[in-house]
Every structure is written in C-alpha cells, then in structure tokens.
Amino acid sequence: MAGRQFSEYLALNWPSHDELMSSFAVAVILVLAQMVLWSGGQSANPLFTVKGAGGLLVLLIGGCIAGPIMEEFVFRGFMFRGWSESFLGPIGAIVLTSALWGMYHTQYDWSGRLWIFVVGLVLCTFRWRSGSTWLAVVVHSGLNMFIFFTSRLYA
C-alpha cells in the first residue's frame, strides 16, 4: 500500500561504522545511567525458569537475537515508518512506538517499563537519524546481551 519495497519501508539499510560506534557509546551511557538510577530495586518478574545449558542457549538466542530482530522490525521498522509519515510526524511516532514498546514488556513492573520506554526513545531516535532499523536491532541485541551476561542466570 505504501508503494515501497519491503526492505525500503522497514529501512533495512546497514548503518555506517560511525553510526554504530556513536550509538554504542550512547548505549553505554544509558546503561551507566540505569545502574545509577535503578540500582536498588528489581524490576523483572521471574516468569520463567532456565534449566541447564540448553535453557540458557534458548534464552540467549531468543532474548538476544530473535527478540530484538522481531521487536525492532515491528516497532522501529513498521510502526515508526507508518506513523512518522502521518500527522504524528517523527517525534510523535518516536514517543508512541516507545510507549507501546514499554507496555508490550509485561514481564516488568512499572519502573522497568518506564526504563524500557526511555530505551525505546533512544533506539527510535537512532532509527530516525540513521535511517536504519538494523542499527536499532544491533544496539537492542547488545543491550540484551549485556543484561544476559550480567544477570547471573547461570549461577
């Protein structure tokens, strides 16, 4: 309906090296800010149990690769593209897709969802400025891998 190819509509362009490096620098600052601001509490509800190496591998692939690809294609690719070209404009689309993305993460309490909303604002801004959904996928995957390897699921 948009008269564009799938890859163009979802902005499946690979980001430049400079875009990747600056986005990861911002992501590091975001993680540091989260550690300072939310250092006292737990926001994740334990809705699953990981059993053994196989369970960890499934969680790693699902939560750090497949999940970010699917979520970014839907929220930063499909929804952002359509809404940014509507009366909402890019800023309205960034806020709306980030709010919906935060609400989508029902496994977290409201504090966790607020933080996910903030991360969504950052990821969507990356998508908007770079014109690349892959940039949001790579940064989202990197953030999830950091959480995976620092959450002590394997302890």
Donor-acceptor pair, [X] side chain versus [Y] backbone, under 3.5 Å?
X: Tyr9; Y: Gly82; value: yes
X: Ser141; Y: Cys64; value: yes
X: Ser98; Y: Leu121; value: yes
X: Ser23; Y: Leu20; value: no
X: Asn13; Y: Ser132; value: no

Starting from [Y], can I reach [X] by hopping between I/L/V/M/F/W/Y residues whose side chains sit under 4.5 Å apart?
X: Leu57; Y: Ile147; answer: no
X: Val122; Y: Met21; answer: yes
X: Phe146; Y: Val137; answer: yes
X: Leu37; Y: Leu30; answer: yes
X: Phe24; Y: Leu32; answer: yes

Work out which heavy atom in [X] is nearest to a heavy atom in [Y]; give both atom names and the distance.
X: Leu56; Y: Phe148; result: O-CZ, 3.6 Å
X: Glu19; Y: Leu135; result: O-CD1, 3.9 Å
X: Trp83; Y: Ser86; result: O-OG, 2.7 Å
X: Gly102; Y: Ile116; result: CA-CG2, 3.8 Å

Would a 4.5 Å heavy-atom cut-off, applied to side chains only, mark [X] and [Y] as touching?
X: His140; Y: Val119; value: no
X: Asn144; Y: Ile65; value: no
X: Val26; Y: Phe126; value: yes
X: Val138; Y: Trp14; value: yes
X: Gln107; Y: His105; value: yes
X: Tyr104; Y: Phe75; value: yes

Stepwise ring-ring contact (aromatic ring centres under 6.0 Å, His included) check, Phe73 with Trp134: CA-CA 9 Å; Phe73 278 26; Trp134 281 118; 5.3 Å; yes

Out of curiosity, [X] [atom1] to [Y] [atom2], how far, rounded to the nearest 0.5 Å?
X: Arg129; Y: Cys124; atom1: CZ; atom2: SG; result: 12.0 Å
X: Glu72; Y: Thr97; atom1: CD; atom2: OG1; result: 9.0 Å
X: Ile94; Y: Arg127; atom1: CD1; atom2: CZ; result: 9.5 Å

Ring centroid separation Trp101 to Phe80 under 6.0 Å: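 Ring centroids of Trp101 and Phe80 are no less than 6.0 Å from each other.
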
Heavy-atom neighbours of Phe117 CZ exceed 12 at 6.0 Å: yes

Residue pair Thr133 / Arg76, side-chain donor-acceptor N/O under 3.5 Å: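 Arg76 and Thr133 do not have a side-chain donor-acceptor pair below 3.5 Å.
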
